[in-house]
Amino acid sequence: MKTSIATVCLSGTLEEKLHACSAAGFDGVEIFEQDLIVSPMSPEEIKALAQRLNLTLDLYQPFRDFEGVDEAALTANLHRAESKFRLMNRLGIDTILVCSNVATATINDDEVFVRQLRALGELASKYKVRIAYEALAWGRYVNTYQHSWEIVKQVDLPNVGLCLDSFHILSRGDDPADIADIPGEKIFFVQLADAPVLSMDILSWSRHYRVFPGEGGFQLQNFMRFLALSGYDGIVSLEIFNDVFRQSNVRRTAVDGLRSLIWLQDGARQLLAEKGETALLQMETLPSAQRVHGFDFAEVVTDSPEAVAETLAQLGFQFFGQHRRKPVQLWKAGNARIIINAKPRLEHSTEVAAFGIHVEQPSTALARAEALLAPRVARRQLPDEEQLAGIVAPDKSEVFLGSAEHSENWEKEFGQGTKANSLIEDIDHLNLAQPWQAFDESVLFYTSALNLQPLPATEVPSPMGLVRSQVLVSSNQNVRVALNIVPHGTAEERASHTQYPEHIAIRTHDVVTLAKQARAAGMQFLKVPANYYEDLASRFDLSDEVLAELEELNLLYDRDDDGEFLHFYTATIGDMFFEVVERRGGYAGYGAPNAPVRLAAQFERNRFNNWS
Ligand SMILES: O=C(O)c1ccc(O)c(O)c1
Ligand SMILES: [Mg+2]
């Protein structure tokens, strides 16, 4: 399958966009008219640059508001079209996208649409141009692909066909199944976009919130299945109007886009195979997704290793050993391993910089991640050290993929620590701060390259702004990662790295005893305001004794139909802190109602240095 991307998806100049698409590995691009108009390059120079970059120019778009108009407007529209056909000849582009009329159509009559599009097709044929007619979801009279197909059928010209855009079809809740009945050769172009499920007017949704496949809520594998069943064997392109992508690093966005198409092909191909269906469209096969078993370790990289070690000790972790060559310590409790690395990446910072997970076949998982364009962690490794391979996530977190056997081996590099009894069971989840530009990219990265599944996204109010939050979990629930967009913050907050601390959450079966022990060991808790406990008393039938104990220990509480959740937070160290959680019954959440309380309390702490 040939891959393409519309220049409108990307930031920068047309020249930068072409370079980025080529570097990412796209086969071609759609030239968005606005990008050409504002470019200092001549059409001939654009054509030559694309050739040099080994990119085909697949589509010129959009041509708007053509059909359903009176005769005078038709003459003007044909004149406008002819100048674009000449331009396309200079660019060497053979297909133009014609959107269904949204603004100037006054005649609601299929016969008129057919007659006028036939005139356009006849004119285009003189320039060897093909017309790809696209029903926009908000088209005045033509707004479904079934309707645009009826019209194209009646136009009955070899150079007039359809452009199908998943957004226009799925945003309306239309069933893509009828695509399978359209002859593939009459589909001239295919644009894919995903989008978060929002309830808002479709035009605004389309122009600002589209995302790459796998980053939203549309069933695009199913869309691809029906497309493949039509016999379509052409280009599949990305057309994403997204406010963030248009101001993000162009090269990263291009890679993110191609990753989405690689991932989608593999999923759609599998879907066809499961249903015993065959198709002409060749779709990529990825190394299989590997079952995720659980956390291996989490690594804190810090300029304050003593402070991190002190907190871990207060929580009941045991010092296991010092790495035989590196300024790195291993701390353990139950199955939880935490590495303290005293080589901060940023000055004066303490952050969750890496984590490891156990997967079924690490080498296959790595090969899959690499096929999905994930960069490998660059590591210096001596011959007598365990070979641990990792990939770099969009937020620069390093994610290592190993097995339980790997862990036994790398642990030995830290000596022979003893196994002590602990109230702690394991790492429960990680909460990682994401740069605002990388959020959608991260969601796709973690789902596609790491085989985690996204839960519905949420927003958490905080004094710094709304924090967008997305939890990703392994199918056995052992690995849970919450991604949160860091609020932009003031320059001062950004400089002090305090606007959104990350955390490692540890699971225990007895949070009350653990909290008491930590308190006795002198640990600083995040202080929870009294108002919170009054509200708890109103929401749940908790006894006075239980409420008093929760308040005394700064414990937070939540309950749902499946069980209960009790947790507390430590003071922040640099840009991170620890959380300790106890899950009772089948509670599978994260205490979402308590997250705003935590963020506000941390904000107070930053402002007033107010610790319990
Ligand atoms: O929003 C638009 O105008 C627009 C233009 C061209 C497209 O291909 C499209 O899907 C939408
Ligand atoms: Mg489109």
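Order of listing sets the numbers, starting from 1, for every ligand and every atom in it. When a residue number appears, it is its place in the shown sequence, counting from 1.
Looking at Asp35 and Thr7, their side chains do bring a donor and an acceptor atom within 3.5 Å of each other. For the residue pair Glu30/Ser237, the side-chain donor-acceptor check at 3.5 Å is satisfied. No hydrogens or angles considered: a donor-acceptor pair under 3.5 Å links the side chains of Asp395 and Gln434.
Using a 30° and 60° split on the angle between ring planes, Tyr127 and Phe85 fall in the tilted class, from 30° to 60°. Between Phe212 and Phe245, the two ring planes are parallel [angle under 30°; tilted spans 30° to 60°]. Ring orientation note: the planes of Phe355 and Tyr446 are close to parallel, at an angle under 30° on the 30°/60° scale.
Excluding waters, the protein N/O/S atoms found under 2.8 Å from the Mg ion (ligand 2) are Glu134 OE2, Asp165 OD2, Gln191 OE1, Glu239 OE1.
Checked against a 6.0 Å centroid threshold, the rings of Phe241 and His208 do not count as neighbours.
Cation-pi geometry between Arg130 and Phe188 is satisfied (NZ or CZ under 6.0 Å from the ring centre, within 45° of the ring normal). The side-chain tip of Arg80 points at the ring of Phe63 from less than 6.0 angstrom away and within 45° of straight on.
Pocket lining of ligand 1, defined as residues with a non-hydrogen atom under 4.0 Å away: Gln61, Pro62, Arg64, Leu97, Cys99, Glu134, Leu136, Trp138, Asp165, His168, Gln191, Arg207, Arg210, Glu239, Phe241.
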